[in-house]
Amino acid sequence: MSIEGKVALVTGAGQGIGRAIALRLAADGADIALVDVNGDRLHAVADEIRAVGSKAISVVADVTDRSQVQSAVDQAEHELDGFDIIVNNAGIAQVNPLADVQPEEVSRILAVNVEGVLWGIQVAAAKFRARGHGGKIINASSIAGHEGFAMLGVYSATKFAVRGLTQAAAKEYAADGITVNAYCPGVVGTDMWVTIDERFAALTGAPKGATFEKFVGGIALGRAQTPEDVAAYVSYLAGPDSDYMTGQAGLIDGGLVYR
Ligand SMILES: NC(=O)C1=CN([C@@H]2O[C@H](COP(=O)(O)OP(=O)(O)OC[C@H]3O[C@@H](n4cnc5c(N)ncnc54)[C@H](O)[C@@H]3O)[C@@H](O)[C@H]2O)C=CC1
Ligand SMILES: CC(=O)C(C)=O
């Protein structure tokens with residue numbers, strides 16, 4: 001219960017990794033603001049959190065819109081009576097060879113994966129400062145933020161960008177007692193990978209499931225990652241045991257990319 005009584009906001013919390021992070025931080029003792037552009041699943045996740053004894057609120061917001069991120073953080077502070085941790089987890093994938101990438105798809109993925117993280121950092125840090133205490137900012141990068149993957153070039157660029165923002169923010173906010181770190185998962189069995197696999201199949205003729213299995217085949221620990229594997233690392237980043245760590249983008253991938 002290392003974050004007992006803290007308030008954490010998690011974006012992209014309706015499913016997948018974000019849902020697992022929200023549930024884990026609740027189990028660690030935090031009250032949770034769940035944010036997602038898709039409201040359908042948020043209420044179910046909120047109910048799961050209440051079942052473990054934490055408070056939860058659901059906020060439908062699009063992280064590409066800074067004013068919506070601001071409103072979500074304000075609502076979390078007001079309704080949960082505090083604000084201590086933000087997990088900028090929302091993200092989208094995009095699979096296309098660089099030769100075929102179109103301007104509108106680049107704009108969209110930059111808006112979600114890079115601007116969404118930037119607004120989360122900016123709004124959360126301002127809130128911590130206004131409240132007169134430090135805080136934890138935790139951002140979603142990826143193995144693709146340490147190594148560019150074919151067909152995932154623009155996605156990889158966004159995840160490298162998250163590492164850049166994480167390092168700069170760590171330096172800018174350290175004096176305020178705010179730490180900023182990122183988590184870099186590998187191959188996690190979520191809807192995102194279903195979409196990636198289907199897109200590889202459509203583009204290359206690979207059978208459905210083959211691309212996922214190929215990536216999983218490279219993992220030293222011999223299995224695909226679960227959202228809970230990622231959430232366990234985020235739990236560490238959210239808690240006091242990581243207080244002396246900032247500006248890092250740690251790989252949590254079962255042994256796939258080595259840095
Ligand atoms: N699944 C994987 O293997 C890996 C995922 N990641 C990263 O982890 C994060 C979570 O990924 P998954 O859970 O797998 O994805 P997912 O696709 O299963 O879930 C993403 C969630 O984010 C929400 N979202 C998307 N755009 C949004 C926006 N503009 N505003 C608010 N919410 C929005 C979606 O509605 C969805 O609920 C992403 O940033 C992803 O890039 C990193 C490495 C590996
Ligand atoms: C989804 C992701 O982050 C990959 C393929 O590294």
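In this chain, numbering begins with 1 at the start of the sequence shown. Order of listing sets the numbers, starting from 1, for every ligand and every atom in it.
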Lys/Arg-Asp/Glu bridge criterion (N-O < 4.0 Å) met for D31, K6
no
Here the atoms of ligand 2 under 4.0 Å from any heavy atom belonging to L152 are 5 (C)
List every atom of ligand 2 that sits less than 4.0 Å from any heavy atom of I143, numbering the atoms from 1 in the order shown and giving each element.
6 (O)
Report, in ascending order of atom number, the atoms of ligand 1 lying under 4.0 Å from any heavy atom of A61.
30 (N), 31 (C)
Number the atoms of ligand 2 from 1 as they appear, then name those within less than 4.0 Å of a heavy atom of I196, with their elements.
1 (C)
For atom 6 (N) of ligand 1, state which one of Y155, Y183, W193 supplies the nearest heavy atom.
Y155
So, does S141 sit close enough to ligand 1 that a heavy atom of it is under 4.0 Å from the ligand?
yes
Would you mind listing which atoms of ligand 1 come within a distance below 4.0 Å of any non-hydrogen atom of G16?
13 (O)
Step through it carefully: locate the ring centre of F149, locate the ring centre of F215, and say whether they are under 6.0 Å apart.
yes
Using a 4.0 Å heavy-atom cut-off, which part of Y155 comes near ligand 2: side chain, backbone, both, or neither?
side chain
Indicate yes or no: does an N/O atom of W193 lie under 3.5 Å from an N/O atom of ligand 2?
no
N/O to N/O below 3.5 Å, does that happen between T190 and ligand 1?
yes
Among D36, D40, I196, closest by heavy atom to atom 35 (O) of ligand 1 is D36
Using a strict cut-off of 4.0 Å, indicate which atoms of ligand 1 neighbour a heavy atom of M192.
5 (C), 14 (O), 15 (O), 17 (O), 18 (O), 40 (C), 41 (O)
Should you measure from each heavy atom of S142, which atoms of ligand 2 turn up under 4.0 Å away?
2 (C), 3 (O), 4 (C), 6 (O)
Are any of the N/O atoms in T64 less than 3.5 Å from those in ligand 1?
no
